[in-house]
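Okay, structure first, notes after.
Proteins get letters first, then strands, A, B, ... in listed order; numbering begins at 1 in each.
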Amino acid sequence: MSSFARTDTSIVGRWWWTVDRWSLAALALLIGVGILLVLAASPAVAERIGTNSFYFIQRQAIYLPIALVVMFTVSLLSPRDVRRLAVMGFLASILLLAVTPWLGAEIKGARRWLALGPLSLQPSEFVKPTFAVVAAWMFSEQRATETFPGNIISIGLFGLVVGLLLLQPDFGMTLVVTAVWFTQFFMAGLPMFYVVGLCGLGIGMMIGGYLLLPHVASRVDRFLDPSSGDTYQVSNALEAFMNGGLFGVGPGEGRVKDHLPDAHADFIFAVAGEEFGLIACLGIVMLFAFVVLRGFGRMLQERDLFVVLASVGLLAQFGLQALINMGSNLRLMPAKGMTLPFISYGGSSLLALALGMGMMLALTRRRYGAGGMI
Amino acid sequence: MIRRRKTSSHRKPLPPVALRHGRIEMEGTAKQAIETGRTRLVIAGAIFALAFATVGARLIDLAILTDGNEPRIAHSPAIERFTTERADIRDRNGELLATSLITASLYADPALVLDVDEAARDLAMVLPELSEASIRAKLSTTGRFVWLRRNLTPRQVYDVNRLGLPGLAFQREERRVYPHGSLASHILGFTNIDNRGLTGVERKFDDILIGGSGPLDLSLDMRVQYILEEELAAAQQEFSAIGAAGIVMDVVTGEVLAMASLPGFDPNHPIDGADDTRFNRATLGVYEMGSTFKIFTTAMALDAGTVTMRGGYDATNPIRVARFTISDFHAKKRWLSVPEIFMYSSNIGAAKMALDVGSEGQQAFLRGLGLLTPSSIELPEVGAPMIPSPWREINTMTVSFGHGVAVSPVQLASAVSTVVNGGLAVPATILKRAPNDPIPLRRAVSAETSENMRRLLRLVVTEGTGKNAEAQGYLVGGKTGTAEKLGAGGGYQRRALLSSFVGAFPMNDPRYVVLAVLDEPKGTKATHGYATGGWVAAPVVGKVVTRMASVIGVNPLDENAPEIREAFAVELNPRGTTLASY
């Protein structure tokens, strides 16, 4: 591995010695697991919708190298360049997000996708990581310079993002963005009075969503009382975990992928549970937990507030997405469409995650001597 | 360490005056901010760790701790619904009346069919009722699902499977089957393609049948049902009637042993027949019944005590009220005793009897017999009776001989049961009563009146208008009824009759009421052109009684035995010298 000498001062050499190699290894492992699981789950789905068996695998094979390059390149950046990249990315994705309701293709009742030639792009995926970094910058700037209205700007941007997400509509994404933003605000020293108040507001909005939005109410009802409606996907997913047991039924032997329309995306964790068993699933959970908690741990030593807030935001987004996906599969929470980071099939999701984790890796690099933002 | 020295050094230099002060303050704020951040980072980290631990615990719970004996194959509610069969319907002897058969329906996924021409040719060979062209058209569609044929026989399934064609598959289905065809079709009703009851018992007991709690036993006796339908159909054809209805009812329990409405339909193919074939004349149709109502008028007068069996009324002249004239069909133009009024079916006598009891008493008595409220029989198709409102004196008179009030045949059968069974009203039912089930009984007529009515009903068959209903040895008693139907214009039509006979047997201890109604029968040479109840309906009852008695175990009696003659002795004309032999 260490083909770079300690004394190597090239960009890559410096990168290798300063980047968090444990996190890098964990992410690489996740991507490997993802390749394996998309290989296992997607042919059944592809055959069912009547395309080439390897359709999803081929598409993933196009996105994956791009994602790896993006992640590596971004992780080379300095914190300041990360910030610049995030601001530009944020502005671009907000712009795309704003035009999606008019130019986007309608899929399953929502407009979330922009067609770009042969590829399609989901702007909201890119809003998540870039907004986390921008919000972190605003919060840290407020603390650094009392006269700078960072909090106000952050709140305004948050309102804009949430408004655009709800236009699509995309409640799952809204939930994640809100939770991440709130976590950052909390870390940035939001007075406890507001913490409690905003938590209350959040709960109030969830109840409001339940009362006012029929499809939200239906999902929650089906979660609380499975017999009240169609729980086809989740019931099948649960069966899959029970079928799999400790060691799984073996690669390719699973049956859940024949029944679940989203076996290659939102319900890929169930396929893992059936074919590879409990131990493999626990391994996946631990990989996610490792990335998130190790990142958090490293931030305990970090002295730059912007780096702390941005890294925590990116990690929280990554972890939350994994938790929501796995929680939905395991019926720990109402079913919510969300990809399992680096494992589910999905081009936009993969690229956005590569961008986010690339920024995280860049921010968590050890900065000997040079320090903070120079 | 090294990094500490450089913290916040990236800030742009502040204006010189505030330089020192500002830097120190900033250092302090930043430090405080980072401290708060760290504390809260630990909290956030703990929450995340807890959440991941929960996911892990749930995984272990599902994969290992969940009971291994649980079915491992998915059982979604949709599949379970499919496996429950709709319960059978049986008659009182366990004869199967309606059942569900599992069938297979053939469908295709056109995308998987390799050679459309070959598939169409082969399929048309084993399923000759499908044309090759239509199969080819179906298999050439772009969809992923197309029905080829519903409800195949096992033999056909085997033949199709033997073809070994890819892209074909079977869907397990259920089909409701009525082995007796059109027999009792109006009682059973029928279901739609999804096996939900649409009419009759299938509709009324839909929830119970779906619940699958064992077969549903009806009160019907299919042997009697067959006899009734056969005799009714024969009479309908002989007299060219547009319809017919009949009921056989147990007078003690109210159970309906047989009930028919003609023309009927085949519940296996309910929509093949004309619309009116699905109309249940026995329960949904309400008709002016005519003279059979004199049973109730006479029983009412005897019960009220306004006249006795030895009393009578002058029937010399027709009664003129307003623009109506009430006259007798078999006019004797003299004083008539109560038995004579009943036997000769005198409208004048009946009207006078009713007038003496009064309108209030008449309504109360008829209500007691259940003639003014819809029947309680467990069918969705139950007609509400049409009763006069207001109930004037003229109505009292017309109702006494069955005009101006319309009831359903099943109401009539129930009321006659009450009159002959000792005077107890019992609700009509289509369900088999369990042997120890308490039967809700209510006294409506005195036992003595009931006894007298049996004599009078027997008299009609031995001496009066109902001679054609006689069934040797079974002591049939009854009453004829011939009503002119209301025309479209509102007036009564002389040629459109509703002719009926309601009988009971054996009259010394009645067990069954038998009712036959013919709608618009035409007289024949054999009946000298008459189409009255005595000529067209009474023979049906006589034949049904003769045939069913041996089937259900009623032994014939010697009609000339002294004790029988004694039991039915009636003093016909107390003022004259005639004494009826019995």
Side-chain angles (χ1 to χ4, degrees), chain A residues 50 80 140 143-146 183 186-189 227 230-232 235-236 238-239 241-246 255-256 259 273 277-278 281-282 285-286 288-289 292-293 296-297 299-300 302-305 308-309 312 315-316 319-320 322-323 326-327 330-332 367-374, chain B residues 1-12 14 22 25-26 29-68 70-78 109 111-112 142 144:
Chain A
R80 194 208 300 249
S140 61
R143 300 303 301 254
T145 318
E146 291 295 337
T183 308
F186 171 70
M187 305 268 306
S227 63
D230 178 25
T231 55
Y232 179 79
S235 314
N236 266 298
L238 291 185
E239 291 278 344
F241 287 108
M242 290 183 220
N243 257 349
L246 201 55
R255 298 186 53 196
V256 67
H259 304 299
L278 170 67
C281 283
L282 285 179
V285 174
M286 279 194 256
F288 281 116
V292 173
L293 297 179
F296 278 23
M299 286 304 111
L300 285 175
E302 180 58 55
R303 303 206 45 83
D304 189 296
L305 189 59
V308 170
L309 292 181
V312 167
L315 287 167
L320 206 58
L323 281 171
M326 296 189 290
L330 293 166
R331 218 176 87 79
L332 281 169
R367 290 180 296 281
Y368 298 105
M373 300 294 286
I374 297 295
Chain B
M1 302 198 314
I2 307 171
R3 274 174 295 137
R4 179 180 293 251
R5 199 181 62 216
K6 291 291 180 183
T7 307
S8 297
S9 59
H10 64 282
R11 301 283 167 218
K12 284 183 185 137
L14 288 168
E25 202 170 69
M26 205 188 301
T29 319
K31 201 173 159 126
Q32 192 197 332
I34 211 83
E35 286 303 324
T36 315
R38 269 183 203 150
T39 320
R40 296 193 172 184
L41 183 58
V42 172
I43 298 173
I47 293 174
F48 265 98
L50 196 69
F52 279 114
T54 309
V55 168
R58 173 69 170 162
L59 269 171
I60 294 169
D61 168 46
L62 272 181
I64 298 184
L65 303 180
T66 309
D67 184 10
E70 252 179 19
R72 293 194 151 200
I73 305 303
H75 281 292
S76 75
D109 179 348
L112 297 182
T142 52
R144 298 298 304 269

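- For the atom pair OG1 of Thr36(B) and CG of Leu305(A), the computed distance is 9.0 Å after rounding to the nearest 0.5 Å.
- With a threshold of 4.5 angstrom between heavy atoms, Ala289(A) approaches chain B through its backbone and through its side chain.
- Contacts of Val312(A) with chain B are made by side-chain atoms alone, with heavy-atom separations under 4.5 Å and no backbone atom involved.
- For a residue to count as touching a neighbouring chain, one of its non-hydrogen atoms must lie under 4.5 Å from one of that chain's; by this rule Met299(A) touches chain B with backbone and side chain alike.
- Distance alone, capped at 3.5 Å, places no donor-acceptor pair between the Arg58(B) side chain and the Gly327(A) backbone.
- The contact between Ile43(B) and chain A is made entirely by side chain atoms (from C-beta outward), counting heavy-atom distances below 4.5 Å.
- With Arg38(B) contributing its side chain and Leu300(A) its backbone, the two residues share a donor-acceptor pair below 3.5 Å.
- Contacts between Leu293(A) and chain B at a heavy-atom distance below 4.5 Å involve the side chain alone, from C-beta outward.
- When heavy atoms are compared at a cutoff of 4.5 Å, Ala111(B) does not approach chain A at all.
- To the nearest 0.5 angstrom, Asn236(A) atom CG is 9.5 Å from Arg255(A) atom CZ.
- Taking CZ of Phe241(A) as the start and CG of Leu330(A) as the end, the distance is 4.5 Å to the nearest 0.5 Å.
- The most heavy-atom pairs under 4.5 Å with chain A, out of Asp61(B), Leu62(B), Leu59(B), Ile60(B), come from Leu59(B).
- When all heavy atoms of Val285(A) and Phe52(B) are compared, the closest pair comes out as CG1-O, 3.7 Å.
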